[in-house]
Number of protein chains: 2
Amino acid sequence: MSEKSKQRKLVLRERLVVAAEARIERAGLASLRARDMASDAGCSLGAIYNVFEDLNAVVMAVNGRTFRKLGTVVANSVADAASIAPTQRLIIMSNAYLHFAAEHKNLWRALFDLQMSSDGMVPDWYLAALRDLFQHIAEPLAEIFPDKNAADLDLMTRALFSSVHGIVLLGLENRISGVPIEKVEMMISQVLGEVGKKN
Amino acid sequence: MSEKSKQRKLVLRERLVVAAEARIERAGLASLRARDMASDAGCSLGAIYNVFEDLNAVVMAVNGRTFRKLGTVVANSVADAASIAPTQRLIIMSNAYLHFAAEHKNLWRALFDLQMSSDGMVPDWYLAALRDLFQHIAEPLAEIFPDKNAADLDLMTRALFSSVHGIVLLGLENRISGVPIEKVEMMISQVLGEVGKKN
DNA sequence: CCCATTTATGAACCACGTTCAATATAGGGC
DNA sequence: GCCCTATATTGAACGTGGTTCATAAATGGG
């Protein structure tokens with residue numbers, strides 16, 4: 001395969017990912033259609049399968065972008081906050097997470113709605129992005145609990161991430177909550193604030 | 001429509017729900033097929049649509065049963081625990097929630113995977129079941145925080161339910177955690193334990 | 001027993017992801 | 001520039017699965 005071919009392949013992949021992302025963002029993962037994507041990207045239906053394994057792979061690529069954006073947003077939220085108390089930093093990051101989820105609800109949901117656990121193949125970038133996210137949480141936690149060992153810290157990191165994720169998830173699910181976003185912020189602060197009271 | 005007709009309709013509904021439940025429990029919501037359900041229940045394909053609006057409605061009926069079972073399990077876990085400290089009661093209920101989810105993973109996931117928020121119609125029994133669940137959580141919380149008003153308690157109830165839900169959700173999602181169930185119990189205890197330390 | 005009305009049936013319809021035989025294009029040797 | 005082969009592109013066709021509906025069977029009152 002010539003260099004030009006690889007280049008065109010890459011360009012088409014990009015066009016397809018952009019098209020898929022726009023569709024998902026606008027109308028949700030469930031309404032993504034191969035034929036729509038193809039016409040958005042200005043290629044034939046079959047062309048999708050020349051550059052991607054299947055639709056799932058396209059969505060995974062979209063999820064990759066989303067995950068990177070999410071990571072950036074969370075990291076930036078505490079970038080210049082070295083002097084802020086660790087509990088506050090946790091709350092700030094969680095609020096960044098909440099607002100990203102609220103502003104890109106459909107893209108954010110796609111991160112978790114796409115099932116991939118079935119065949120056990122989780123791509124490396126997914127695990128890496130998750131590790132990065134966890135690392136940002138573990139840091140303030142290590143300040144709050146300087147005596148905890150690595151395993152305990154890891155467990156607490158996962159516990160808190162999961163808690164915040166759950167609050168955001170159900171908070172944005174209007175069938176369950178119908179709670180305005182400021183209330184969701186308060187819920188996060190409540191749970192994290194209690195943890196921050198040390199032992 | 002005669003009385004006998006209504007009776008037969010009800011019987012068929014029941015047979016279909018049982019068939020759907022078995023399929024979902026065994027292989028997950030995503031693998032439920034109308035044709036399979038019909039042959040399991042010993043009726044024709046079209047008969048499904050005589051007694052249910054569509055497949056979604058069948059799954060909603062299954063979810064109704066699951067939700068009732070879940071409510072019973074959680075309620076029973078603290079039925080004879082009036083003398084136990086409220087924080088412990090919260091932990092016991094959460095573990096009951098965790099174990100129900102772990103033992104009926106596919107049925108439990110179906111509770112949340114089925115999208116219904118789109119057309120805003122949430123059935124009454126769903127909201128009622130949720131209210132019941134929240135009530136069980138609010139009770140120990142009211143003991144821990146006797147000074148909080150109803151609105152604050154409600155917020156904290158939702159926050160803690162969401163937290164536990166998130167921990168269970170990501171804890172059972174092997175792509176993210178791969179954490180054994182005892183560790184998930186520990187995470188729940190950690191988060192709830194901190195809250196239980198009062199103010 | 002007959003006819004009207006209700007109920008059940010499954011073949012057919014449609015939407016979609018995916019495939020693949022047919023077509024178009026590209027590239028290299030002369 | 002001209003073939004010819006290899007590679008890439010295409011979109012019609014296939015398989016699957018939810019849903020519908022014309023037709024057939026069953027039901028029940030007179």
Side-chain angles (χ1 to χ4, degrees), chain A residues 1-17 19-24 26-63 106 110 113-116 118-119 121, chain B residues 1-17 19-24 26-63 106 110 113-116 118-119 121:
Chain A
M1 186 176 348
S2 76
E3 207 48 44
K4 257 207 166 102
S5 284
K6 276 184 190 159
Q7 210 53 33
R8 256 177 304 149
K9 236 179 157 121
L10 236 48
V11 168
L12 182 53
R13 281 178 74 97
E14 179 68 13
R15 283 215 313 275
L16 283 169
V17 170
E21 187 179 54
R23 290 255 172 204
I24 294 174
R26 189 146 13 95
L29 179 57
S31 72
L32 185 65
R33 303 277 170 266
R35 286 165 178 80
D36 293 341
M37 267 182 54
S39 83
D40 287 357
C43 70
S44 72
L45 183 56
I48 297 172
Y49 297 89
N50 293 333
V51 295
F52 281 108
E53 182 64 23
D54 54 19
L55 275 209
N56 246 325
V58 185
V59 178
M60 280 299 279
V62 173
N63 281 353
N106 286 330
D113 283 355
L114 187 62
Q115 89 282 45
M116 40 183 168
S118 53
D119 47 359
M121 288 194 326
Chain B
M1 184 175 351
S2 76
E3 206 47 45
K4 258 208 166 103
S5 282
K6 276 184 191 157
Q7 209 55 34
R8 256 178 304 148
K9 236 180 155 115
L10 236 48
V11 168
L12 182 54
R13 282 178 73 97
E14 178 68 13
R15 284 216 311 275
L16 283 168
V17 170
E21 186 178 54
R23 289 256 172 206
I24 294 174
R26 190 149 8 96
L29 179 58
S31 72
L32 184 65
R33 303 278 170 265
R35 285 162 179 83
D36 293 342
M37 268 182 52
S39 82
D40 286 357
C43 71
S44 71
L45 182 56
I48 297 172
Y49 298 89
N50 292 333
V51 296
F52 281 106
E53 182 64 23
D54 55 17
L55 275 209
N56 245 326
V58 185
V59 178
M60 279 300 278
V62 173
N63 281 354
N106 286 330
D113 283 355
L114 187 62
Q115 88 283 41
M116 41 184 166
S118 52
D119 46 2
M121 290 193 326

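In what follows, chains carry the letters A, B, and so on, assigned in the order in which the sequence lines appear, proteins first and then strands, with residues in each chain numbered from 1. Please read all numbers here as calculations on a predicted model, not as lab measurements.
In this structure, Asn56(B) contributes its side chain and Val59(B) its backbone to no donor-acceptor pair below 3.5 Å. With hydrogens and angles disregarded, no donor-acceptor distance shorter than 3.5 Å links the side chain of Arg23(B) to the backbone of Leu32(B).
Atom P of nucleotide dG18(D) and atom CG of Leu29(B) are separated by 11 Å, given to the nearest angstrom. Residue Asn56(B) contributes atom CG, which lies 17 Å from atom P of dG17(D) at whole-angstrom precision. We find that NZ of Lys9(A) is positioned 11 Å from C1' of dT9(D), with the value rounded to whole Å. Atom-to-atom, CD of Glu53(A) to C1' of dT18(C) comes out at 11 Å; the value is rounded to the nearest Å. With rounding to whole Å, Tyr49(B) atom OH is found 16 Å from dC14(C) atom P. For Leu12(B) and dT7(C), the CG to P distance is 13 Å, given to the nearest whole Å. In this structure, the CD1 atom of Ile48(B) is 9 Å from the P atom of dT19(D), given to the nearest Å. Between the C1' atom of dC20(C) and the CG atom of Asp54(A) lies a distance of 17 Å, rounded to the nearest Å.
Residue-to-nucleotide proximity on DNA chain C shows that, of Asn50(A) and Arg33(A), the 5′-proximal contact is made by Arg33(A). Residue Leu45(A) is the one, among Leu45(A) and Ala34(B), whose nearest nucleotide of DNA chain D lies closer to the 5' end (criterion: closest heavy atom).
Contact record, Ala19(A) with Asp40(A): CB-CB, 3.7 Å, taken as the closest heavy-atom pair. Closest approach of Gly28(B) and Asn106(B) over heavy atoms only: N-ND2, 3.4 Å.
In the interface, the side chain of Arg35(A) is paired with the base of dG17(C) through a donor and an acceptor atom under 3.5 Å apart.
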